[in-house]
Trainee: 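Sending over a structure as structure tokens; questions will come in a sec.
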Amino acid sequence: MSTCFLCRRVVSLTNVGQMFEISRTRVHFLQNTQLLMLRSFSSPKQHSFTVSYLMNSCGLSPETALSASRKIQFETPERADSVLALLRNYGCTNTHISKIVSRYPLLLTANPEKTLLPKLEFFCSVGFSGPDLASIVVAGPQILKRSLENHVIPSYNFLKSVLMVNENIVRALNKSYWLHGQSLQNIMAPNIAILKEIGVPMSNISFLVTCHPGAVSQNKEKFSRSVKKVIEMGFDPLRVPFVKAVQVIMEMGESMWEHKMEVYRRWGLTDDEIMLMFRLDPLCMKSSEKKIMSVMDFLVNKMGWKPAAIARYPTVFLRSLEKKIIPWCSVVKVLQMKGLVKKDLCLSFLGSNEKNLFNRFMVKYEHDVPELLNVYQGKIGILELGFVSEGIM
């Protein structure tokens, strides 16, 4: 049933309450009851058609379609078909459409020409198309129903002034779908001004807004306190780690911060060593307890590295244990045991890409240790090569 009809019913009930001097409490009860009754008696045929359409035309699973049908009901496909056709015409694939509709099913009821088309045309006019445009819509479908003049254009112009290039704008919007319903300039500009006042380079501000838009979209007072705290920790506002630290402090409560400190302390690290880790790479404090414990267990108990040595390269906690740390640390330990590389090798070698690591270790030493590739692939354990396990550092 239409919204107008529901409104008329509620108004009718209110008038009845006034005519017979029913108490406000009772009128409120009657209104809520009537609304519930009207929503409960939606047409089974209408509901069945909606669920079927969401599954067959939009690619939603039965469970997702049923959930979405509680927010949207229609008996004919014409309007929804037009919306889907328009989205496809602007580069949205079936996968995109499934995500868009599951996140915001009400988009199917929008007027394609009057509501949706102007925003899509604007994005194309400023250089977004194909996958980039589709990713923006997927991240926040509601943006297509916002005012073009009052929201979409001002938001784009603001982000353009901060991020400079469309590639960064896409990344920022994809990481902050919830910002589509707010004025970006109103919530971000005061915090960006704080960073400018203390000398943070515009390139670093752009990095923060691009990669962590949520951090710079918080309450101004909270943001200011976090910036002050990061300065007190010894970070240089001119360097990238400063804005990374601001992001971590903004998103991590005091209790979680203390918990992460305690996790690192379990491995014998002092508070000074942990803070040094944080200054070297602030994102190490965002690693989960499970990730920290797994990495330390492997490096300390299986590879022989000392915790203090690991603390000098905290970026290790951001690397994949299975895909990066275990394979390459195993290779390096074999080479160390053979005396081919120095035993005090810093873990920073894990920052190299796969090609450089292969050239540095595999290609260079393949004749000295033919089994290296099997070690890297996990087909042969270190002990199987006949080496005696020993500490590295």
Trainee: Are the charged groups of E371 and K379 less than 4.0 angstrom apart, N to O?
Mentor: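 Between K379 and E371 there is no salt bridge, as every charged N stays at least 4.0 Å from the carboxylate O atoms.
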
Trainee: Decide side chain to side chain donor-acceptor pair (under 3.5 Å) for T64 and S61; before the verdict, give the C-alpha distance in whole Å, the side-chain angles of both, and the deciding distance to 0.1 Å.
Mentor: CA-CA 5 Å; T64 305; S61 67; 2.9 Å; yes

Trainee: With a 4.5 Å cut-off on side-chain heavy atoms, are M277 and L269 touching?
Mentor: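 SC-SC contact between L269 and M277 confirmed.
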
Trainee: Taking S98 for its side chain and T95 for its backbone only, find out whether a donor-acceptor pair lies under 3.5 Å.
Mentor: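 No.
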
Trainee: Backbone N or O of L120 within a donor-acceptor pair of the Y90 side chain at under 3.5 Å?
Mentor: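 Flag not set: sc Y90 to bb L120 has no pair under 3.5 Å.
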
Trainee: Could you state the interatomic distance from CE (M296) to CZ (F317), rounded to the nearest 0.5 Å?
Mentor: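 Spacing of CE (M296) from CZ (F317) equals 5.0 Å.
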
Trainee: Determine whether V230 and F235 satisfy the following criterion, side chain to side chain contact (heavy atoms under 4.5 Å, CB included), listing intermediate values before the conclusion.
Mentor: CA-CA 6 Å; V230 170; F235 284 87; 3.7 Å; yes

Trainee: So, are K229 and E254 salt-bridged, with charged N and O less than 4.0 Å apart?
Mentor: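 The answer is no: the pair does not qualify as a salt bridge.
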
Trainee: For a salt bridge (Lys or Arg N to Asp or Glu O under 4.0 Å) check, start with the C-alpha distance between R265 and E258, then their side-chain angles and the critical distance, and finish with the verdict.
Mentor: CA-CA 10 Å; R265 289 184 190 120; E258 181 56 34; 2.8 Å; yes

Trainee: Check step by step if side chain to side chain contact (heavy atoms under 4.5 Å, CB included) holds for Y264 and M285.
Mentor: CA-CA 9 Å; Y264 283 116; M285 294 300 281; 3.8 Å; yes

Trainee: Decide, yes or no, whether a salt bridge links K260 with E289 under the criterion of side-chain N to carboxylate O below 4.0 Å.
Mentor: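 Salt bridge between K260 and E289, a charged N being under 4.0 Å from a carboxylate O: no.
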
Trainee: May I ask you to test the F361-V341 pair for a side-chain heavy-atom distance under 4.5 Å?
Mentor: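 Yes, at least one pair of side-chain atoms sits under 4.5 Å.
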
Trainee: Once the angle between the rings of W328 and Y376 is folded into 0 to 90°, is it parallel (under 30°), tilted (30 to 60°) or perpendicular (over 60°)?
Mentor: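 W328 vs Y376 ring planes: tilted.
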
Trainee: Start with the C-alpha distance between N166 and Y156, add both sets of side-chain angles, then the distance that settles side chain to side chain donor-acceptor pair (under 3.5 Å), and finish with yes or no.
Mentor: CA-CA 9 Å; N166 281 349; Y156 170 80; 3.1 Å; yes

Trainee: Quick one, I325 with S320, criterion side chain to side chain contact (heavy atoms under 4.5 Å, CB included). Give me CA distance, side-chain angles, the key distance, then yes/no.
Mentor: CA-CA 6 Å; I325 299 174; S320 169; over 6 Å; no

Trainee: Going by heavy atoms in the side chains, are I198 and F242 under 4.5 Å from each other?
Mentor: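 I198 reaches F242 side chain to side chain.
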
Trainee: Any salt bridge between K302 and D297, counting N to O under 4.0 Å?
Mentor: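 A salt bridge links K302 with D297.
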
Trainee: Tell me if a side-chain donor or acceptor on K196 pairs with a main-chain N or O of I192 at a distance below 3.5 Å.
Mentor: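 Flag not set: sc K196 to bb I192 has no pair under 3.5 Å.
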
Trainee: So, taking the atom named SG in C329 and the one named CG in L347, what distance separates them when rounded to the nearest 0.5 Å?
Mentor: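 Taking SG in C329 and CG in L347, the distance rounds to 5.5 Å.
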
Trainee: Hey, are the side chains of V375 and P327 touching, using non-hydrogen atoms and a 4.5 Å cut-off?
Mentor: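 Counting from C-beta outward, V375 and P327 never come under 4.5 Å.
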
Trainee: Is L106 linked to L108 within one hydrophobic cluster, defined over Ile, Leu, Val, Met, Phe, Trp and Tyr using a side-chain heavy-atom separation of less than 4.5 Å?
Mentor: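 Linked within one cluster.
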
Trainee: For the backbone of K220 and the side chain of S224, can you confirm whether one donor and one acceptor N or O come within less than 3.5 Å of each other?
Mentor: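 Pair absent, no side-chain N/O of S224 close to backbone of K220.
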
Trainee: For the CD atom on E232, are there more than 12 heavy atoms of other groups (residues, nucleotides or ligands in this structure) within a distance under 6.0 Å?
Mentor: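 Counting neighbours around CD of E232, more than 12 heavy atoms of other residues, nucleotides or ligands fall under 6.0 Å, so yes.
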
Trainee: What's the separation between atom SG in C124 and atom CG in D132, rounded to the nearest 0.5 Å?
Mentor: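 It comes to 11.0 Å.
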
Trainee: Within a reach of under 6.0 Å around CE of M256, are more than 12 heavy atoms found that belong to other residues, nucleotides or ligands?
Mentor: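 No, CE of M256 has 12 or fewer neighbouring heavy atoms, counting only those of other groups under 6.0 Å.
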
Trainee: Run the salt bridge (Lys or Arg N to Asp or Glu O under 4.0 Å) test on K324 and E354 for me, step by step, so that the C-alpha distance in whole Å, both residues' side-chain angles and the decisive distance to 0.1 Å come before the verdict.
Mentor: CA-CA 9 Å; K324 190 87 171 186; E354 292 296 294; 3.4 Å; yes

Trainee: Considering residues, nucleotides and ligands other than K160, do more than 12 of their heavy atoms fall under 6.0 Å from its NZ?
Mentor: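 Result for NZ/K160: enclosed.
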
Trainee: Within the side chain of T210, is there an N or O that forms a donor-acceptor pair under 3.5 Å with the backbone of S206?
Mentor: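 Answer holds: yes.
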
Trainee: Do L280 and L350 land in one hydrophobic cluster if side-chain heavy atoms of ILVMFWY residues count as linked below 4.5 Å?
Mentor: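 No: no chain of side-chain contacts under 4.5 Å links L280 to L350.
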
Trainee: Would you say the side-chain atoms of K145 pair up with the backbone N or O of T115, donor to acceptor, closer than 3.5 Å?
Mentor: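 The answer is no, because no donor-acceptor pair under 3.5 Å joins these two groups.
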
Trainee: Please tell me if the side chains of K286 and L318 come closer than 4.5 Å, counting only heavy atoms from C-beta onward.
Mentor: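 In short, these two side chains do not touch, never coming nearer than 4.5 Å.
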
Trainee: Hey, does L195 have a side-chain heavy atom less than 4.5 Å from the side chain of F223?
Mentor: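 A side-chain contact under 4.5 Å exists here.
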
Trainee: Does any N or O in the side chain of S330 come within less than 3.5 Å of the main-chain N or O of I326, such that one atom is a donor and the other an acceptor?
Mentor: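 The answer is yes, because a donor-acceptor pair under 3.5 Å joins these two groups.
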
Trainee: Between M293 and V300, is there shared hydrophobic-cluster membership here, with clusters defined by ILVMFWY side-chain heavy atoms closer than 4.5 Å?
Mentor: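 M293 and V300: one cluster.
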
Trainee: List the steps, then state whether side chain to side chain contact (heavy atoms under 4.5 Å, CB included) holds for V227 with I231.
Mentor: CA-CA 6 Å; V227 169; I231 292 175; 4.2 Å; yes

Trainee: Any side-chain to backbone donor/acceptor pair from T50 onto F74? Under 3.5 Å, distance only.
Mentor: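 Yes; at least one donor-acceptor contact below 3.5 Å.
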
Trainee: Is the F123 ring parallel, tilted or perpendicular to the F128 ring (thresholds 30°, 60°)?
Mentor: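 Rings of F123 and F128: perpendicular, as their planes differ by over 60°.
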
Trainee: Tell me, do E366 and L373 make a side-chain contact under 4.5 Å, heavy atoms counted?
Mentor: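 No; the side chains remain at least 4.5 Å from each other.
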
Trainee: Is the distance from the ring center of W305 to that of F298 below 6.0 Å?
Mentor: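 For W305 and F298, the ring centres are not under 6.0 Å apart.
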
Trainee: I'd like to know if the side chain of Q185 and the backbone of S155 have a donor-acceptor N/O pair within less than 3.5 Å.
Mentor: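 Looks like no, no N/O pair under 3.5 Å.
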
Trainee: Any non-hydrogen side-chain atom of L87 less than 4.5 Å from a side-chain atom of H96?
Mentor: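 Not touching, per the 4.5 Å side-chain cut-off.
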
Trainee: What's the spacing between I136 CD1 and K119 NZ if we round to 0.5 Å?
Mentor: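 Interatomic distance, I136 CD1 to K119 NZ, rounded to 0.5 Å: 14.5 Å.
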
Trainee: For the CZ atom on R239, are there more than 12 heavy atoms of other groups (residues, nucleotides or ligands in this structure) within a distance under 6.0 Å?
Mentor: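 No, the 6.0 Å shell around CZ holds no more than 12 heavy atoms from other groups.
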
Trainee: Quick check against the 3.5 Å criterion: does N191 have a side-chain atom that pairs as donor or acceptor with the backbone of Q218?
Mentor: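 Judged by distance alone, yes, a pair lies under 3.5 Å.
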
